[in-house]
Structures are given as structure tokens and as C-alpha cells.
**Student:** 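Can you read through this structure? Questions will come right after.
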Number of protein chains: 2
Amino acid sequence: MSLDSNMSEIVNISFDKTFENCKLPINQLLTTEQQAIIMDNINIVSYNRKDIIVKQFSASSHIYYIIKGILKVSSEQRKGKNLVVKIDTTGSFVGLISLLGGDSYNFTVTAVENCTLAQIPIATLKSVMLQNSRFALEISQLTCRHGLFLVNRLAGLLYKQLPGRVADLILYFADDIFCNNEFEFPANRTELAELCGTTKESLIRTLSEFNHDRIIELQRNRIRIISYDILKTLSRFG
Amino acid sequence: MSLDSNMSEIVNISFDKTFENCKLPINQLLTTEQQAIIMDNINIVSYNRKDIIVKQFSASSHIYYIIKGILKVSSEQRKGKNLVVKIDTTGSFVGLISLLGGDSYNFTVTAVENCTLAQIPIATLKSVMLQNSRFALEISQLTCRHGLFLVNRLAGLLYKQLPGRVADLILYFADDIFCNNEFEFPANRTELAELCGTTKESLIRTLSEFNHDRIIELQRNRIRIISYDILKTLSRFG
DNA sequence: ATAAAAAAGTGATATAAATCATTTATATAA
DNA sequence: TTATATAAATGATTTATATCACTTTTTTAT
């Protein structure tokens with residue numbers, strides 16, 4: 001009860017500035033009425049670390065906007081073989097490609113830390129797209145950029161060998177997620193391995209080597225990049 | 001000269017029915033005026049086998065529509081390491097994801113057999129998208145489906161081992177490209193290997209095994225599927 | 001505080017597929 | 001036709017990394 005009322009307070013605060021950090025300038029693109037359509041149909045939901053937000057192959061009619069938090073988007077390849085295709089954070093849309101391309105999720109989405117998400121019916125989004133072609137074009141460009149990012153990432157996993165892929169992993173967190181040379185991995189070794197398309201043992205070994213070779217300084221989840229240049233080189237020559 | 005006049009004749013015939021085989025119902029989606037805008041800005045070009053249509057990383061302002069032919073879309077990973085991400089045929093758009101997501105091509109596009117393509121300025125496409133939000137939404141859904149296809153294909157390459165990937169290759173041509181159990185590979189062993197993310201030697205060995213095990217009947221480029229079911233199983237259990 | 005469970009780490013071994021070296025077959029040109 | 005180049009095929013070897021078995025450390029629960 002106390003938790004519930006506390007929650008709804010958070011929800012209201014967040015609600016007002018929902019699209020503040022959005023990678024798409026929603027507020028410039030949409031008329032006040034169009035914004036209202038979205039706002040009226042939005043639903044704010046909170047998740048705890050490890051909560052499954054959506055399950056691969058499940059039919060769904062909602063996409064998500066990340067108000068706050070970090071989540072992972074993964075593809076279950078077979079029993080016990082998981083591939084984390086990307087990490088998403090505040091300001092991103094989740095499920096856009098899946099629900100514009102079909103009517104079920106192609107990926108499992110899991111909270112990596114506590115998350116506050118806005119649930120948006122895909123029908124609402126589509127109706128606004130139909131009312132506002134500029135917005136439709138922008139959404140279309142956004143999904144294309146996402147698609148290209150994924151394809152490039154997977155092609156990298158396919159052709160680079162472990163040192164290159166682990167370098168990419170570290171650079172991904174440092175440059176794209178935390179914008180900092182020093183950070184705490186928001187995931188355990190198994191999850192990190194799944195981000196590199198490898199096993200936890202192989203990931204651990206490679207990280208230990210980097211640590212030993214003083215490319216990084218690593219203690220448990222805390223990592224500091226010592227030589228950004230070497231990581232870049234490893235990434236390039238994979 | 002004789003070739004040229006012959007060519008322009010072909011061009012005119014093709015021009016009239018340009019979007020006949022299009023995966024998008026252009027003629028239903030667009031008004032006559034909008035169709036005219038596209039038609040007025042279209043340019044028909046022919047390519048021979050092995051011709052490079054666009055080069056990865058090159059800046060470009062045109063997408064392509066395949067009036068007739070087969071082409072491959074590939075990503076140069078490093079010197080000598082090529083990944084063919086997909087094969088495209090009659091009725092498909094090429095470069096849509098690249099040019100909606102940015103302003104240069106992310107892939108090299110090469111004619112696999114003689115091709116007739118319609119070159120469409122991306123600006124023209126965007127302007128029609130801005131005039132017609134239904135069309136914009138459809139284009140957006142099309143690019144999302146493409147993106148998902150690519151991601152699933154690459155994830156498959158990443159997790160399946162060779163027999164599974166080669167089975168996928170054969171099924172891809174049989175089901176998606178030629179719609180026939182018997183066909184001629186439109187590419188040499190190196191190109192086929194690049195479609196599986198492997199080397200020509202490994203691909204040859206796997207194909208030979210399939211042939212020896214009477215899963216397929218293979219002589220040079222001519223292939224006939226003997227057991228579709230075994231291929232499906234190999235694909236599934238990778 | 002201690003026990004139990006989970007995660008991280010290490011070493012030995014196995015294995016799929018790449019690489020290298022060579023041969024055989026097919027296509028192209030002189 | 002014969003020579004030359006290109007593509008396909010095969011065998012031997014190497015290599016990166018997965019797998020398996022186990023220890024150590026950290027976290028969680030009692």
C-alpha cells in the first residue's frame with residue numbers, strides 16, 4: 001500500500017517529463033494534440049533487476065519507452081544459448097522494430113537494473129504516424145539506424161575473435177552506455193559473455209588477460225580502461 | 001549503338017510496369033500524382049554479373065528497386081573477409097535501410113546475374129513519404145521486416161555450426177529465391193561460403209558430405225534437394 | 001556468525017573449422 | 001589443339017575457443 005502510493009508519485013513526476021531524454025524530439029515533432037493522444041494512452045510500469053519485460057515470440061501490442069534504467073535485449077538461440085543483441089538505456093524505444101515489422105516480439109527484454117518504462121500501444125503510435133508524416137519518417141529513420149547498429153554488431157561478433165569482441169564490449173559500455181572510462185559492469189560474467197557471443201569461461205579468461213596486460217584495471221565488476229588505444233586497436237583488428 | 005537502342009526499348013517496356021512485382025503495393029498506396037513524382041525521377045540502369053552496383057561506405061543519394069535480376073548485399077569485414085548478408089531479387093528495394101538510417105551505403109551491392117534496376121533518389125522517396133503518411137508507415141514496416149530478417153540470419157550464422165548454416169543456405173535458395181527443390185547456385189563456392197560466414201574449403205567439404213549422405217544431389221552448380229526434412233532438421237539443430 | 005548457494009575463476013581436454021599445401025577439373029585464350 | 005588461368009576439391013595441420021571438471025571467492029539466507 002505504502003509502496004503503491006509511493007510508486008504512483010514517482011509515476012506522476014516521471015510522467016510530466018516522459019520524453020525529456022528521448023532520442024527523438026517528440027515535443028518538436030508532434031502537435032499538442034498528438035502528444036496528448038500518446039500521453040492519454042501511456043502506461044508507466046516499473047521493473048526490478050532481472051525482471052523479464054517481454055518474452056521472445058510473445059504476441060504483443062505495446063512498445064516501451066525507457067524513462068529510466070538499463071535493460072538488455074536478447075535472442076534465445078537454443079536451450080541455454082543466449083545472445084544479448086544490445087543494451088538499452090534512458091531515452092530509447094524498445095520493441096519498435098519488432099512491432100512495426102510484425103506483431104510479436106523477436107527478442108526477450110530483461111531489466112538489467114531497476115527500470116521505469118512507459119508502455120505505448122503500437123496502435124497509438126501508428127495512428128500518430130498516420131496523422132503526422134514527418135513523425136512517421138523520423139520513426140522510420142530511427143528504426144533503420146537501430147537495424148544497422150544491430151547488423152554491424154552481429155557481423156562484428158561473427159568475424160572478430162575474442163580479444164576484439166571483448167574490446168568491443170568494454171568500448172560499448174564506456175562510450176555508448178556510461179560515457180566514462182571507469183564504470184561498473186551492470187551484468188554478471190554470463191551476461192557479458194552473451195553480449196560477446198561466447199561462453200563465460202572464455203570471457204573471464206580474456207578479461208583476465210587484458211587485466212594482466214594492463215589494458216584495463218579490473219576488480220570484480222569495477223573496470224577502468226588504462227589503454228583506450230589498445231582496445232581500439234584490438235577492436236579494429238579483431 | 002544497336003545495343004543502346006535495344007536497351008532503351010527494354011527500359012521503356014520495363015518502365016511501364018516497374019512496380020508490378022513490388023513487395024509493396026505502390027500502385028494502391030500512392031495517388032497518380034505521387035506515382036508520377038517517382039516515375040519522373042526514376043532512372044533505369046542495367047548491370048552485368050559481377051558488376052558492383054554500390055560500394056560499402058560510399059556516400060549516396062539513391063536507392064534501387066530491382067526490376068529484374070539477382071544481386072548480393074555484402075559487408076566487407078576486413079581485407080579478404082566478406083560477409084554476404086543477403087541475396088535480393090525482382091521486386092525488392094535495395095539500400096533503403098542504409099539511406100533512411102544515414103547517408104552512405106553500409107553494404108556493397110553486386111550483381112549476381114544481369115540486373116535491371118530502377119534508381120530512385122532518396123529525396124524523392126522521402127518527399128513522397130512526407131506527402132503520404134500511409135506510404136511512410138508501409139516503408140517503415142518494410143524496413144523493419146528487412147532489419148529483423150538480417151538480425152535473425154546473422155544470429156543464426158553466429159550460433160549454428162556449419163552443417164546447420166549450409167542447410168540454411170540451401171533452404172534459402174530453394175524456398176526464398178528460386179522456390180524450387182532443384183536449382184543452379186547463382187554464385188561460386190567462395191560467394192556461397194561468404195553467405196554462410198565460412199571459408200570456401202569448409203563449405204565445399206560440407207556440401208560434399210551432404211552429397212555423399214544423399215541429402216542433396218550435387219554436380220557443380222546444379223543442386224537437387226533429396227531430403228528436405230533432413231535439411232530442415234539440420235537447420236533447426238544447427 | 002555460520003551454512004548454503006551462487007558467481008567467479010582456473011586448468012585440462014576436446015573439437016569444429018580455419019589455414020596451408022597440393023591436386024584435379026573446368027573454362028578461357030593463344 | 002595446346003597452353004594458361006581460374007575454380008573446385010581434398011588432405012594434413014593448426015588454432016581458437018568450447019566444454020568439462022573443479023576450486024576459490026562472494027553473496028545470500030538462516
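Naming: A, B, ... by sequence-line order, numbering from 1 per chain. Basis for what follows: all heavy atoms, side chains included, without hydrogens, waters or symmetry-related copies.
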**Student:** Is any side-chain N of the basic residue among B/Arg222 and B/Glu184 closer than 4.0 Å to the acidic one's carboxylate O?
**Tutor:** yes
**Student:** Do any pairs count as a salt bridge (Lys or Arg N to Asp or Glu O under 4.0 Å) and have a residue in residues 228-238 of chain A, sequence neighbours left out, and if so which ones?
**Tutor:** none
**Student:** I'd like to know if B/Lys55 pairs up with B/Glu76 as an ion pair, taking the criterion as any Lys NZ or Arg NE/NH1/NH2 lying under 4.0 Å from an Asp or Glu carboxylate oxygen.
**Tutor:** yes
**Student:** For the residue pair A/Tyr172 and A/Ile87, establish whether any side-chain heavy-atom pair is separated by less than 4.5 Å.
**Tutor:** yes
**Student:** At their closest point, which heavy atom of B/Pro163 faces which heavy atom of B/Phe210, and how far apart are they?
**Tutor:** O-CZ, 3.5 Å
**Student:** Would one find a side-chain N or O of A/Thr190 under 4.0 angstrom from OP1 or OP2 of C/dA7?
**Tutor:** no
**Student:** Find every protein N or O atom lying less than 3.5 Å from an N or O atom of nucleotides 18-22 of chain C, and list the pairs.
**Tutor:**
from   : atom 1 : to       : atom 2 : distance (Å)
C/dA18 : OP1    : B/Thr198 : OG1    : 3.1
C/dA18 : OP2    : B/Thr198 : OG1    : 2.7
C/dA18 : OP2    : B/Thr199 : OG1    : 3.2
C/dA18 : OP2    : B/Ser202 : OG     : 2.4
C/dT19 : O4     : B/Arg205 : NH2    : 3.0
C/dC20 : N4     : B/Glu201 : OE2    : 3.4

**Student:** Using ring pair (Phe, Tyr, Trp, His ring centres under 6.0 Å) as the criterion, list what pairs up with A/Tyr159, not counting sequence neighbours.
**Tutor:** none
**Student:** At what angle, to 10 degrees, do the two end axes of the helix from C/dA1-D/dT30 to C/dA30-D/dT1 meet, given five pairs define each axis?
**Tutor:** 40°
**Student:** Is the count of non-hydrogen atoms from other residues, nucleotides or ligands lying under 6.0 Å from B/Lys23 atom NZ greater than 12?
**Tutor:** yes
**Student:** For A/Phe210 and C/dG9, what is the distance between atoms CZ and C1' respectively, to the nearest whole Å?
**Tutor:** 17 Å
**Student:** Send over the distance from A/Asn188 CG to D/dT28 P, rounded to a whole Å.
**Tutor:** 12 Å
**Student:** How long is the line joining CD of A/Glu209 and P of D/dA16, in whole Å?
**Tutor:** 11 Å
**Student:** Which sits closer to the 5' end of DNA chain D, A/Gln161 or B/Leu207, going by the nucleotide each is nearest to?
**Tutor:** B/Leu207
**Student:** Look for any protein N or O under 3.5 Å of an N or O in nucleotides 23-27 of chain D and output each such pair with its distance, or none.
**Tutor:**
none

**Student:** Is it the case that over 12 heavy atoms from other parts of the model lie below 6.0 angstrom from the CG atom of B/Asn181?
**Tutor:** yes
**Student:** Residues two or more places apart in sequence or in another chain: which of them pass salt bridge (charged side-chain N to carboxylate O under 4.0 Å, His left out) with B/Lys200?
**Tutor:** none
